[in-house]
Amino acid sequence: MDVRRRPPKPSRVADDEQRTTTPSPQSPKASDALPLPLYLTNAIFFTLFFSVAYFLLHRWRDKIRSSTPLHVVTLSEIAAIVSLIASFIYLLGFFGIDFVQSFISRASNDAWDLDDEAATVIAARPPPTPLPKLVAPPEPIISVLSSVEDEKIVKSVVDGSIPSHSLESKLGDCKRAALIRRKALQTVTGRSLQGLPLDGFDYESIQGQCCEMPVGYVQIPVGIAGPLLLDGFEYSVPMATTEGCLVASANRGCRAIYASGGASTVLLKDGMTRAPVVRFSTAKRAAELKFFLEDPNNFDTLAVVFNRSSRLARLRSIQCSIAGKNLYTRFCCSTGDAMGMNMVSKGVQNVLDFLQNDYPDMDVIGISGNFCSDKKPAAVNWIEGRGKSVVCEAIIKEEVVKKVLKTNVASLVELNMLKNLTGSAVAGALGGFNAHAANIVSAIYLATGQDPAQNVESSHCITMMEAVNDGRDLHVSVTMPSIEVGTVGGGTQLASQSACLNLLGVKGASKESPGSNARLLATIVAGSVLAGELSVMSAIAAGHLVRSHMKYNRSSRDMTEAAS
């Protein structure tokens, strides 16, 4: 028995009395607005409709017989077409309004009758015939599911009958796939993911490109340092970081560079590398291939084969190294505005396939033999460079060093020599002759959608400081041989990262000069590192580093209460 309560309705008897004693206004009809009687108006429009239709059919038949184009119309034909459309609109509107009014009236009467006899009629009626179900789309797409059906899929993922990685293809909805995967993960581990946001992210944009089997996304705040005055242009530099004081420090360095007239950059080299490893039966045979690859007479042929991989890939150089009977070949090529790892790998595969004809005994061990070298600290990147090689310099005036950086030129020069140069040498650093280049590189990489793991070699940097102009001013420079960046592909197409690239004016691929956007981004990274080095070195020289971090990088929030 249904005991749910409904809002009270007016009595049918009282309603009948009201309708008999008080005349109710009649509902407006479509004919009320007509200037002529209804039958005359209908007759006119009916006659008009069929007359002009008959006229137009005859005219079009004559045009077809005389091979006259149908779209060439006379004034009388235009008038006939307008009359046909007007009469059709009237007839459709008139009968349509009348139908709707009659339908509403019948529905209203049926509703009142149902209320009067609910107790007897509903009980006496047989169960309603279920409506036919809509035909579901074919597998592997599953239609929009209710929460109960979601739970069934979660159980299927937990017991392994539905692989977690296939949810996107089976559901056809990337966000719902992430939600179900998230519930299954919490069920299996018994641990909550509360605090890891799910809503507010476009999961379709990462499908097959950025991240597999997502269960949410991580929030990283983005700050702005600048304006950075670089090569005569100003840039507001986005930095994604969770380290307090970092953006403020970079911003102070930008202010010092701006007050001194700006910094300038030089692009020294541009080329992404990939180095496969192949093996022969003897070292002599491996050396034969080495000599062939390094022979300048063969370079053009190899370049043609390599460049088939892309309209932008252009082979720049080939460098070989032997270890016993194993040959490591480092191919370097330009890649346009893309970072270019996939592009250069395809080119290398083309060359290996080509060489296999003349060297059938060549055993390809791997497309990458770590002579590249990607995402690892390596001397070859420090010496030869990888990606974009950039040097950035500026002359900071004496008064700016004192007023903005709160130190003096002599202290900075001495600290740089003992810390960045001598101290790094004592530590056996590889490309780490700087204060904190990795801090700036990582923050910009995260904000602009770069591969954060390539921070390893991209942060190779040597910082130089020297007193100039009779010791009054400071010449500072950073040399970074392997900045690996791109403005297309990977994470650059995500909405947040794309917005940061747009802020810098380097979003997407340059149509006028392919590769110029990526090269500009590399120079901005170097300029930002220069600003960061200036500021943090000044803080150390002035003894302000600890005090600054205590101010900006510590929280007074009670984490015990936050955790509860």
Output yes when a side-chain donor or acceptor of Ser161 lies under 3.5 Å from a complementary backbone atom of Ser156, and no otherwise. yes
Inter- and intrachain pairs under salt bridge (Lys or Arg N to Asp or Glu O under 4.0 Å), touching residues 309-328, at least two apart: none
Under a 4.0 Å N-O cut-off, is there an ion pair linking Asp473 with Lys397? no
Residue pairs fulfilling ring-ring contact (aromatic ring centres under 6.0 Å, His included) with at least one residue in residues 210-268, sequence neighbours excluded: Phe201-Tyr217
Between Lys175 and Asp199, is the closest basic N to carboxylate O distance under 4.0 Å? yes
Residue pair Asn350 / Ser309, side-chain donor-acceptor N/O under 3.5 Å: no
Is the side chain of Thr487 donor-acceptor paired with the backbone N or O of Gly508 at a distance under 3.5 Å, no angle test? yes
Just how far is it from atom CZ of Phe280 to atom CG of Asp363, taken to the nearest 0.5 Å? 9.0 Å
Thr301 and Asn298: side-chain donor and acceptor closer than 3.5 Å? no
Tell me whether Arg181 is salt-bridged to Glu168, with the criterion being a basic N under 4.0 Å from an acidic carboxylate O. yes
Here the gap from Ser373 atom OG to Asn381 atom CG, rounded to the nearest 0.5 Å, amounts to 5.5 Å
Check Lys402 with Glu399, please: is the shortest side-chain N to carboxylate O separation under 4.0 Å? no
Salt bridge (Lys or Arg N to Asp or Glu O under 4.0 Å) contacts in which one or both residues fall within residues 454-467, not counting sequence neighbours: Arg386-Glu457
